[in-house]
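Please read the structure below before turning to the comments.
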Amino acid sequence: MAAPETLLRAQGVAKTFTLGKVEVPALRGVDVSVRAGEVCLLMGPSGSGKTTLLSILGCILSPSAGSVVVMGRETAGLPERELTRVRQAHIGFVFQSYNLFPTLYAVENVQVALDLRGVAGGEAKSRAHAALVAVGLADKAHVLPRDLSGGQKQRVAIARALVAEPAIILADEPTAALDSETGRGVIASLRELAVGRGSSVVIVTHDPRIAAFADRVIRIEDGRIASDGELTP
Ligand SMILES: Nc1ncnc2c1ncn2[C@@H]1O[C@H](COP(=O)(O)OP(=O)(O)OP(=O)(O)O)[C@@H](O)[C@H]1O
Ligand SMILES: [Mg+2]
């Protein structure tokens with residue numbers, strides 16, 4: 001069998017933030033690649049560079065140096081508009097704080113992802129409904145975020161990240177605001193939906209119990225990869 005395709009590859013990625021006159025090196029030469037169908041955890045101490053790396057992999061942030069290849073295309077140095085295009089074509093992002101629109105119903109929050117990509121209204125609506133069904137929220141379609149629990153809000157956010165069927169799903173501490181059982185349920189459904197389609201997932205987490213849902217753990221310390229290994233079941 002051929003080795004699974006590499007969907008995402010970072011090489012020599014560095015990022016330095018400038019705060020006034022102070023330079024903050026957040027990443028100091030990171031090499032990492034993610035293959036199709038893989039579920040990776042990104043772990044490391046606070047301030048080690050996890051969010052920065054995920055944002056660069058997700059074309060939300062540009063690296064100061066190095067190469068980031070998404071679905072075979074070099075993205076380092078692309079103008080903002082092109083980066084947005086790559087992101088919309090290939091990447092779904094799940095944030096710790098859900099980032100739902102407070103005045104939109106659950107189904108509308110999911111549909112936004114398709115509207116942005118130019119999917120026609122009727123089709124967008126039915127796909128958004130189907131995505132909510134897939135995360136177990138069929139009965140919450142016309143509920144506002146304020147009337148959903150934390151776990152339900154995060155499921156809406158996952159439906160939104162997955163509805164456009166991206167090849168790559170990136171999640172930054174998606175369970176940090178949830179109790180551990182709810183968190184494990186959310187990760188289990190994220191894994192099932194993504195892997196069922198051959199998508200790759202990178203999840204930033206502090207929760208070692210989530211390791212049970214991963215194929216691989218990448219550890220980052222002080223802006224460098226400290227270890228990167230497949231887990232044996
Ligand atoms: N926009 C920014 N401007 C300046 N410095 C930043 C910025 N974003 C991150 N940093 C710095 O870069 C380093 C890495 O931050 P990052 O947010 O990637 O860490 P993290 O591993 O996600 O931490 P946490 O677990 O607390 O979320 C830190 O020293 C942080 O202060
Ligand atoms: Mg972070």
Side-chain angles (χ1 to χ4, degrees), residues 8-34 38-70 75-80 83-84 86-87 91-100 150-151 153-154 157-158 160-161 166 168-180 182-184 186-187 190-191 194 200-214 216-229 231:
L8 197 52
R9 193 178 70 237
Q11 274 180 313
V13 166
K15 180 71 181 179
T16 301
F17 292 104
T18 309
L19 280 175
K21 286 182 183 161
V22 182
E23 304 230 304
V24 182
L27 297 176
R28 308 164 187 256
V30 166
D31 298 335
V32 71
S33 55
V34 181
E38 223 177 9
V39 178
C40 304
L41 296 189
L42 181 57
M43 303 185 80
S46 182
S48 57
K50 302 180 298 295
T51 295
T52 304
L53 179 57
L54 207 69
S55 305
I56 289 172
L57 293 176
C59 302
I60 291 174
L61 194 66
S62 293
S64 309
S67 154
V68 180
V69 177
V70 179
T75 65
L78 283 183
E80 190 60 42
L83 271 185
T84 302
V86 173
R87 191 166 68 229
I91 291 169
F93 215 101
V94 180
F95 300 88
Q96 174 178 342
S97 50
Y98 324 122
N99 281 16
L100 300 178
K153 281 192 274 239
Q154 198 54 297
I158 286 170
R160 182 181 56 189
I168 300 157
I169 294 139
L170 306 175
D172 194 359
E173 303 200 44
T175 63
L178 308 176
D179 66 76
S180 60
T182 308
R184 281 197 299 275
V186 164
I187 295 297
L190 176 56
R191 183 192 163 90
S200 303
V201 189
V202 182
I203 304 169
V204 171
T205 183
H206 284 286
D207 184 354
R209 283 166 301 188
I210 286 176
F213 298 98
R216 183 174 152 203
V217 175
I218 303 161
R219 285 181 200 281
I220 181 166
E221 274 170 33
D222 209 13
R224 292 191 181 89
I225 302 295
S227 67
D228 181 352
L231 298 170

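Every number for a ligand or one of its atoms is a count from 1 in the order of the listing. Everything quoted here is computed from the prediction, not taken from an experiment. Below, each value reflects all heavy atoms present in this structure, side chains not excepted, and no hydrogens, waters or symmetry copies.
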How far is [atom] from its nearest protein heavy atom, and which residue and atom is that?
atom	result
atom 18 (O) of ligand 1	Thr52 OG1, 2.6 Å
atom 23 (O) of ligand 1	Gly47 N, 2.8 Å
atom 12 (O) of ligand 1	Ala26 CB, 3.3 Å
atom 17 (O) of ligand 1	Thr51 CB, 3.7 Å
atom 26 (O) of ligand 1	Ser46 OG, 2.6 Å
atom 27 (O) of ligand 1	Glu173 OE2, 3.6 Å
atom 6 (C) of ligand 1	Phe17 CD1, 3.2 Å
atom 25 (O) of ligand 1	Lys50 NZ, 2.7 Å

Exercise for review: Report, in ascending order of atom number, the atoms of ligand 1 lying under 4.0 Å from any heavy atom of His206.
Suggested key: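 The list of qualifying atoms is 25 (O).
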Rounded distance (nearest 0.5 Å) linking atom [atom1] of [X] with atom [atom2] of [Y]:
X	Y	atom1	atom2	answer
Leu53	Ile225	CG	CD1	6.0 Å
Leu54	Asp172	CG	CG	5.5 Å
Ile91	Leu8	CD1	CG	6.5 Å
Arg9	Asp31	CZ	CG	10.0 Å
Thr51	Phe95	OG1	CZ	10.5 Å

Review point. Is atom 30 (C) of ligand 1 less than 4.0 angstrom from some protein heavy atom?
Key: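 Within 4.0 Å: no protein heavy atom nearby.
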Review point. Side chain or backbone of Val24 under 4.0 Å from ligand 1, or both, or neither, by non-hydrogen atoms?
Key: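 Answer for Val24: side chain.
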Exercise for review: Measure Leu19 to ligand 1 on non-hydrogen atoms and call it side chain, backbone, both or neither using the 4.0 Å cut-off.
Suggested key: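 Side chain only; the backbone of Leu19 stays clear of ligand 1.
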Practice item. Begin from the C-alpha positions of Arg216 and Asp228 and carry the test salt bridge (Lys or Arg N to Asp or Glu O under 4.0 Å) through to its verdict. Key: CA-CA 7 Å; Arg216 183 174 152 203; Asp228 181 352; 2.8 Å; yes
Check your understanding: Looking only at heavy atoms of Pro45, does any of them come nearer than 4.0 Å to an atom of ligand 1?
Key ->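 Yes, that is the case, since the closest heavy atom of the residue is under 4.0 Å from the ligand.
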Can you give each donor-acceptor pair under 3.5 Å made by side-chain atoms of residues 12-28, sequence neighbours left out, with the distance rounded to 0.1 Å?
residue : atom : partner : partner atom : Å
Lys15   : NZ   : Ser62   : O            : 2.8
Arg28   : NE   : Asp222  : O            : 3.0

Point to revise | side-chain contact (heavy atoms from CB on, under 4.5 Å) assessment of Leu100 paired with Lys153 | key: CA-CA 8 Å; Leu100 300 178; Lys153 281 192 274 239; 4.0 Å; yes
Review point. For the Mg ion (ligand 2), which protein N/O/S atoms are closer than 2.8 Å?
Key: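 Short answer, with waters excluded from the count: Thr51 OG1.
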Point to revise | Non-hydrogen side-chain atoms of Lys50 and Arg219 separated by less than 4.5 Å | key: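 Sidechains of Arg219 and Lys50: no contact.
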Check your understanding: Would Leu78 and Thr75 satisfy side-chain contact (heavy atoms from CB on, under 4.5 Å), going step by step from the backbone distance to the final call?
Key -> CA-CA 5 Å; Leu78 283 183; Thr75 65; 4.1 Å; yes
Point to revise | Steps toward side-chain contact (heavy atoms from CB on, under 4.5 Å) verdict (Arg184, Arg209) | key: CA-CA 8 Å; Arg184 281 197 299 275; Arg209 283 166 301 188; 3.8 Å; yes
Check your understanding: Which of these, Ile218, Thr205, Val204, sits in a side-chain contact (heavy atoms from CB on, under 4.5 Å) with Met43?
Key ->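 Considering Ile218, Thr205, Val204, a side-chain contact (heavy atoms from CB on, under 4.5 Å) with Met43 is found only for Thr205.
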